[in-house]
Each structure stands twice: as structure tokens, then as C-alpha cells.
Amino acid sequence: MTLEALLHQPVVAMARELVGWSLRHAGCGGVIVETEAYHESEPACHAFAGRTRRTETLFCAPGVVYVYRSYGIHAMLNIVAEPSGVGAAVLIRALAPLDEVDLMRRRRGLDTLEQLCSGPGKLTQALGIPLTLDGASLIGGPITLHPPVAGEPRAPLVVGHRVGITKAAELPWRFAAEGSAFVSRPRPWAWTGAAVG
DNA sequence: CATGGGATTGACT
DNA sequence: GTCAATCCCATGC
């Protein structure tokens, strides 16, 4: 699938497809192994409250990145989905580290490879993604997305409930590469989904 | 203007 | 298992 086609998917389909794509920023990067979908129609999504200064980015065109501060400490990286005017995004929750691993390990305090990008706050720290990139585009932006290598098999998906939220927690909108050692915790996978692609 | 609450992480009992 | 760090923002008075 091309980037253009990816960005035309509804947010849940986009979250599933993104597992296996690679993400890079300033030379660092890795393969996406875990995502979650958020949509304005459900209260766990920041866009549920409508357009505010905080959520404005979520209503931008698909392919814009939404970066916000969580718990006063961590930066969360999302890829905006759905047409302009619809608030939706895919949270990138974990990467299998690939590029500039040594630099990422220094940023993370020499963490193990498995734990280097195994969480949404960890991967933004490892890749050096700042809050100021909120609203930037993946098209020609400092953060870039790259499709899986054509012809190579893709890991089957496992599906679970989104974690760390109190509202709409029942939706099965968390996706990960089955068996990957690089996904975040907890790992209460509800079931195995169809293979990606 | 005061307040409460996080799409988390790491350290500690 | 528990809990603090730390700050922006949405909400309500």
C-alpha cells in the first residue's frame, strides 16, 4: 500500500495497516509494532470534546502528526487520520528499533533493545521527537513513514483493548505484531486478527 | 482564576 | 503490587 492510500483509510483500518510500516525522525527509527486508534465519536479521543486549542491538530488533513504532552512528562506521537474536519488519529505505541540504535539508546539511558521503544513515551524520547512537531506533516516533514518491503511476509496482528484510558476502554482498537518482543505492556491480547496486508 | 485529570514511566515496598 | 513526577489544558466558578 502507498502512503497516499494509507492516509485514505478510516482510522481503525489505518491503525491496523500501520503495523509493519517504518517510522523515522532525524536518522533514528524503527518498524511500527503497536498502534491504537482514536476517533471523535468515542470519549477516549481528545477530539471528543470538539475543536479546542489542544485538539485542533486532530481535525487536520490525514498525514499530519499530533504530538501532545502526557502526564506533564512524555510526548505522545499520533498520525492524524480521516478527512479534514473529522477528529481522529493513530497513536504509535511501540517500534522495533532499526536506525541509529546507539543514539537512541543514549537518549534513553542505555536501555535494552527490547525496551528502547516499547511505549509511546519511550519512542518519542528515543527518536528525539519534540512537542513542537505538533501539526507537522509526514509529507516532506522531519518525521517520515515508509511502507513495508513489498513481497516480504508481514507478522499476523493481535488485537486488544486500548490501555491507560478510563473511557471507551472496551473498544478493541489496539493492534500489535504477534509475538513481537518490542511491544509495550500490559499485553492482554484478546484475540488474533487476520494477517496484515 | 482555581482545580482536576490524564492515550506514561520508572522507582520503590 | 503502589506511587510520584510534572504541566498543559478543559472545565467550572
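We name chains A, B, ... by the order of the sequence lines, and we start the count at 1 in each one. Atoms considered below: every heavy atom in the structure, side chains included; atoms not considered: hydrogens, waters and symmetry mates.
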task = Could you state the atom-to-atom distance from CZ of A:Arg69 to P of C:dC9 in whole Å?
result = 10 Å
message = Given A:Glu34, which partner from the list A:Arg174, A:Arg16, A:Arg185, A:Arg187 fulfils the salt bridge (charged side-chain N to carboxylate O under 4.0 Å, His left out) test?
response = A:Arg174
inquiry  = Looking at B:dA7 and A:Tyr38: do their rings stack (centroid distance under 5.5 Å, interplanar angle under 30°)?
reply    = yes
ask   = Atom NE2 of A:His74 and atom CG of A:Leu131: how far apart are they, to the nearest 0.5 Å?
value = 12.0 Å
inquiry  = If I take atom CD1 in residue A:Ile73 and atom C1' in nucleotide B:dA7, what distance separates them, rounded to the nearest angstrom?
reply    = 14 Å
Nearest-Å distance for atom pair CZ/P, residues A:Arg162 and B:dT8 = 11 Å
query = Quick one: is B:dT8 close enough that its OP1 or OP2 comes under 4.0 Å of any side-chain N or O from A:Ser70?
reply = no
Nearest-Å distance for atom pair OH/C1', residues A:Tyr68 and B:dG5 = 13 Å
remark   = From NZ of A:Lys167 across to P of B:dG6 the rounded distance in Å is 6 Å
Interatomic distance where CG belongs to A:Leu77 and P belongs to B:dT9 [whole Å] = 13 Å
request  = List the atom of A:Ala168, the atom of A:Pro43, and the distance in Å for their closest heavy-atom pair.
outcome  = CB-CD, 3.9 Å
ask   = Are A:His46 and A:Tyr38 an aromatic pair by the rule of ring centers under 6.0 Å?
value = no
task = Please give the nucleotide sitting opposite C:dA4 as a Watson-Crick or G-U wobble pair, both distances under 3.5 Å, or none.
result = B:dT9
request  = Provide the Watson-Crick or G-U wobble partner of B:dA2, both distances under 3.5 Å; none if there is no partner.
outcome  = C:dT11
task = Give A:Arg54 one of three labels, base, sugar-phosphate or nothing, depending on what nucleic acid heavy atoms sit under 4.0 Å from its own.
result = sugar-phosphate
request  = Could you tell me whether A:Arg108 contacts a base, only the sugar-phosphate backbone, or nothing, with contacts defined as non-hydrogen atoms closer than 4.0 Å?
outcome  = sugar-phosphate
ask   = Would you say B:dG10 has OP1 or OP2 under 4.0 Å from some side-chain N or O of A:Lys122?
value = yes
request  = Considering only atom P, compute the distance from B:dG4 to C:dA4 and round it to an integer number of Å.
outcome  = 16 Å
ask   = In whole angstroms, how far is the P atom of B:dT8 from the CD atom of A:Gln115?
value = 17 Å
query = Given atom OH of A:Tyr71 and atom P of B:dG4, what is their separation to the nearest angstrom?
reply = 17 Å
remark   = Output for pair (A:Leu95 CG, A:Leu23 CG), nearest 0.5 Å, gives 5.5 Å
Of A:His74 and A:Leu131, the one whose closest DNA chain C nucleotide lies more 5' = A:His74
